[in-house]
Amino acid sequence: LRPSHNFHQTPAPRFTANSEPIDRFCSGTRRYDHLTDQSHPDHSHLKEVTQLGHGNIYRGEQWQAISTPDVYFTQQYYQMSALLESDVAETVLLEWNDDAGSIRMPLIVRNIPGTDFFDATSAYGYGGPWSEGSPNLIEFRQFFDEWAHANQVVSSFLRFHPLLDNALAFSDIFRVKKMGQTAAWDLSRSQDLVSTMASNHRRNWRKAERAGVEPRITLHPAETASFE
């Protein structure tokens with residue numbers, strides 16, 4: 001089976017005068033938790049689910065049509081991130097709607113080699129679920145577990161978005177673990193961004209300027225081999 005995700009600590013970020021520390025969180029279920037109903041410490045408050053209720057599964061163009069709070073949640077980002085994963089089965093966006101609001105959560109679904117089972121993970125970077133309004137979190141968790149059970153998804157790993165603070169918002173229905181901190185850089189505080197960089201970043205910036213490096217955007221480039 002695919003090894004469970006390791007909760008490893010990354011080196012502490014370097015903070016500057018224009019940056020501030022932001023906590024990073026993740027959530028992971030143990031192997032087969034979705035099938036055995038053990039991925040939340042106490043499920044006694046959950047009612048039996050006989051239907052998927054107001055849940056939807058989006059793929060491809062349907063997902064692209066949905067407005068997301070950040071690029072990390074877009075179908076294009078997940079499609080690109082899937083190229084870096086092994087044994088990918090599909091990318092999906094789970095959506096729950098009720099009278100009080102909605103919840104959406106993108107996932108990469110991967111085959112577990114040598115089995116008929118799958119695991120699900122957020123794409124590399126920041127993600128997890130995001131909500132609009134005040135939807136029922138418990139019903140969304142029921143929908144998520146029902147989807148996982150119906151699709152033989154036996155474990156999941158979520159990376160939360162530190163600026164959206166969605167880890168705290170969903171901590172009642174997911175086990176949440178603090179992974180460390182990352183640096184948030186407020187671009188509105190200063191027009192002189194170079195002066196607020198860490199010293200090693202300023203050196204790299206000035207070295208690139210002296211070398212004549214110029215940034216430009218090329219949409220749909222015909223050739224990318226030079227970046228490999």
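Quick note: residue numbers are just sequence positions, from 1. Values below: every heavy atom of this structure, side chains too, minus hydrogens, waters and symmetry copies. What you see is a predicted model, and the numbers here were worked out from it, not measured in a lab.
Leu137 is not listed as a side-chain neighbour of Glu139, based on a closest heavy-atom distance of 4.5 Å or more. Side-chain contact check for Leu94 versus Phe144: some heavy-atom pair is nearer than 4.5 Å.
Residues Ser122 and Gly128 come closest through the heavy atom pair OG-N, 3.7 Å. Scanning both residues, Gly101 and Pro135, for their nearest heavy atoms gives C-CB, 3.8 Å. The heavy-atom pair separating Ile66 from Glu95 by the smallest distance is CD1-OE2, 4.4 Å. Nearest heavy-atom pair across Thr121 and Glu85 is CG2-OE2, 4.4 Å. Scanning all heavy atoms of the two residues, the minimum distance from Asp116 to Gln152 falls at O-CB, 3.8 Å.
Atom CD1 in Ile108 sits 13.5 Å away from atom OG in Ser156 (nearest 0.5 Å). The CG atom of Asp165 sits 11.0 Å away from the CZ atom of Phe170 when rounded to the nearest 0.5 Å. The CE atom of Met105 sits 9.5 Å away from atom CG of Leu93, with the distance rounded to the nearest 0.5 Å. Of the inter-residue distances, the one linking Phe118 atom CZ with Asn111 atom CG reads 4.5 Å to the nearest 0.5 angstrom. Put simply, CH2 on Trp205 and OG on Ser195 are 11.5 Å apart, with the number rounded to the nearest 0.5 Å. Residue Asn166 holds its CG atom at 11.0 Å from CD1 of Ile103, rounded to the nearest 0.5 Å.
Classified by interplanar angle (parallel below 30°, tilted 30° to 60°, perpendicular above 60°), the ring pair Trp63/Tyr78 is tilted. In this pair, Tyr72 and Tyr77 present their aromatic rings perpendicular. The plane angle is above 60°, beyond the 30 to 60° band.
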Begin with the C-alpha distance, continue with both residues' side-chain angles, and end with the deciding distance and a verdict on side chain to side chain contact (heavy atoms under 4.5 Å, CB included) for Trp96 and His54. CA-CA 6 Å; Trp96 172 262; His54 300 85; 4.3 Å; yes

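A salt bridge links Arg110 with Asp119: the closest approach of a Lys/Arg side-chain nitrogen to an acidic carboxylate oxygen falls below 4.0 angstrom.
No donor-acceptor distance shorter than 3.5 angstrom exists from the side chain of Asn151 to the backbone of Val153, with no hydrogens or angles considered.
Within 6.0 Å of CD on Glu61 lie no more than 12 heavy atoms contributed by other residues, nucleotides or ligands.
With no hydrogens or angles considered, a side-chain donor-acceptor pair links Tyr126 and Thr182 at under 3.5 Å.
Under the 4.5 Å side-chain heavy-atom criterion for grouping Ile, Leu, Val, Met, Phe, Trp and Tyr, Leu163 is not connected to Tyr124 through any hydrophobic cluster.
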